[in-house]
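Values in this document were obtained by computation on a predicted structure and should not be read as measured data. Only heavy atoms go into these numbers, but all of them, side chains included; no hydrogens, no water, no symmetry mates. Within every chain, numbering begins at 1; the chains are lettered A, B, ... in the order of the sequence lines, protein sequences first and strands thereafter.
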Protein chains: 2
Amino acid sequence: MGDLMGDNAERTSHDQSRFPAARLSRPLCGQCPVRDGSLCRRMERRDRDRLFPFGARIQTRRAGARLFHQGEPFDHILILQSGWALVHKLFEDGERQIVRFVLPGDLIGFEGNEEAGMAYTAEAITDVTVCAIKRSVFYRACAQSPRLAMSFASLVTREALSAWNHVGALGHQTAQGRVANLLLDLHRRVTAHRNPKDSVLHIPLNQVHIADATGLTPVHVCRTLKQLRTEGLLDFRKGALVLLDPERLAEIAQLDPDIAPEGSMTIPPSAVA
Amino acid sequence: MGDLMGDNAERTSHDQSRFPAARLSRPLCGQCPVRDGSLCRRMERRDRDRLFPFGARIQTRRAGARLFHQGEPFDHILILQSGWALVHKLFEDGERQIVRFVLPGDLIGFEGNEEAGMAYTAEAITDVTVCAIKRSVFYRACAQSPRLAMSFASLVTREALSAWNHVGALGHQTAQGRVANLLLDLHRRVTAHRNPKDSVLHIPLNQVHIADATGLTPVHVCRTLKQLRTEGLLDFRKGALVLLDPERLAEIAQLDPDIAPEGSMTIPPSAVA
DNA sequence: CGAGCGTTTGACAGACCTCAATATTGGTGG
DNA sequence: CCACCAATATTGAGGTCTGTCAAACGCTCG
């Protein structure tokens, strides 16, 4: 965690001029939440207003930086403001399993405790800005504000639902289904707070990311993506995702359109706001 | 959901004499939380005292009964008091993926919302007793009591951690590792609140349950269990689980003993109590 | 005794992995 | 602008793990 709480901490709002667009390994268009500040600002204003009195700080981290590491203690909660991150579990053979991707507005840092250390590693995929607050302070704030506590519970509930969906995909589906499930899920999460549903969507992942998340090898992910492309289902190359046949994709991903997806709020807004 | 809220509702405490031991498909010894009331009473007293003013009711359900069904609305929260349950996702081909097993003290019923219906199906494995409360009432109670809200958040956090561990097992591990992981996890959860760590532990699951939870076929689960048995790692037959070599099992399951397991409380008791 | 369920075992097929080589891309420096 | 390098993506051949199908066994219950 080291310099995460260092002197480069910022207390000001997440302004594009003060937080210049990240230098990314590859250019991303304005649709991507990494560079588009609208989503970030909306989540930030609401969370910051609640948490800044408790010592929340805005931080920036470079792509590839580790936000916290499996086995090591980490005493902060992070709210991602912009950019993409991931949470993975390291195995002894050096392989890793990505358990979730973190998008702006998502909370990370509750995957462990002070004594035993974090159970997972969090890593910035792109350059990111996060809102950091001491975990003990955050819990104290929640204990004083049922509204904040329920907002926290709501976020964690969404994480649990997403994880269970992930379990279903990994346990039951073939390679096509797993990849389709992941890309559909990411597409939905990115476009959820976005009006213009353009056909092409930029996702800052490569085939290795998809492999580590779906439990497949990069080689097989490549074959599966090619298969999906030739079958006219979706096109994903160089981070550009196009859903060519969303309906058939949902079938392959075994997503029942009637069922509330991961993004749905289980806790009604009335109980939070 | 039907008769769940029917006239057989009980408001009295969970007494063995009033709630006679369930007629189970196979006999279970006194170690199993299904028949042992100590765990049930402890969880119940604490939760009931908080929730009964809000209309919580104790209910009983038979083994095999569905507590709620995927796609259908369900407006209650259930706290399992005794017995075992499971939560699974149904796929269109008729297969199912068990996403978690529910033990006494666990909460279910937040896997969806009123409008879209539940995202999963919950089913009683053995006869169960549950503490039921209207979801809207429960959320209102949480909104008035930060303590209850944080207790809820703590439970959901544990579920999320457990689900992520499950994701890691399904995505990364071989059949042996998946089965070992599941049985070790269940063993830990059952013995967590139990002093005498006897060598033999009764778990009310069959090979089909294990198959649906690990994403394997019952045939392969059978082969894997036989393999684990001949290698002197564990013995699981007719619901009787014996861990013959816990250390080597933990290796196979890729469980890092230094890392906090799913059972650890992420939210410190001081923030809840 | 027969029916039904769960378990066990075998032969075979398919999905995915491993290893290896090549092609493509993006970045760097001359 | 081109050469060069590292990282990523692609393609092929062969092997392993797990699924599928089928049959038989044991157990419980009616």
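- In this model, a side-chain donor or acceptor of A/Arg223 finds a partner on the base of D/dG12 within 3.5 Å.
- At whole-Å resolution of the value, CG in A/Leu225 and P in D/dA9 are 9 Å apart.
- When each of A/Arg96, A/Glu95, A/His209 is paired with A/His88, the side-chain hydrogen bond (donor to acceptor under 3.5 Å, both in side chains) condition holds for A/Arg96 and for no other.
- At least one side-chain nitrogen or oxygen of A/Thr217 sits closer than 4.0 Å to the OP1 or OP2 atom of C/dC17.
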Using side chain to side chain contact (heavy atoms under 4.5 Å, CB included), reason through B/Asn181 and B/Asn165 one step at a time and then give a plain yes or no.
CA-CA 9 Å; B/Asn181 209 305; B/Asn165 183 55; 3.4 Å; yes

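- OP1 or OP2 of C/dT8 sits under 4.0 Å from a side-chain N or O of B/Gln207.
- Minimum atom distance to the side chain of B/His220 is reached by D/dT18, of the listed D/dT18, C/dG6, D/dT8.
- The interatomic distance linking A/Gln173 (CD) with C/dA15 (C1') rounds to 15 Å, in whole Å.
- Atom CG of B/Leu216 and atom P of C/dG14 are 20 Å apart (whole Å).
- Taking both residues in full, the closest heavy atoms of B/Met118 and B/His69 are given as CB-O, 3.9 Å, listed atom of the first, atom of the second, then distance.
- Put simply, CG on A/Leu205 is 10 Å from P on D/dA9, counting in whole angstrom units.
- At whole-Å resolution of the value, CG in A/Asp93 and P in C/dC17 are 14 Å apart.
- Between B/His172 and A/Phe91, the angle of the ring planes stays under 30°, which puts this pair in the parallel group of the 30/60° scheme.
- Rounded to an integer number of Å, the gap from A/Lys238 NZ to D/dA7 C1' is 13 Å.
- Mapping A/Val219 and A/Arg178 onto DNA chain C via the closest heavy atom, the residue that lands nearer the 5' end is A/Arg178.
- OP1 or OP2 of D/dT11 sits under 4.0 Å from a side-chain N or O of A/Lys226.
- OP1 or OP2 of C/dC16 lies within a sub-4.0 Å distance of a side-chain N or O belonging to A/Thr174.
- Going from atom CG of A/Asn206 over to atom P of D/dT10 covers 11 Å, rounded to whole Å.
- By the 30° and 60° cut-offs, the orientation of the rings of A/Trp164 relative to B/Tyr120 is perpendicular.
- Rounded to whole Å, the distance from NE2 on A/His209 to C1' on D/dA7 is 13 Å.
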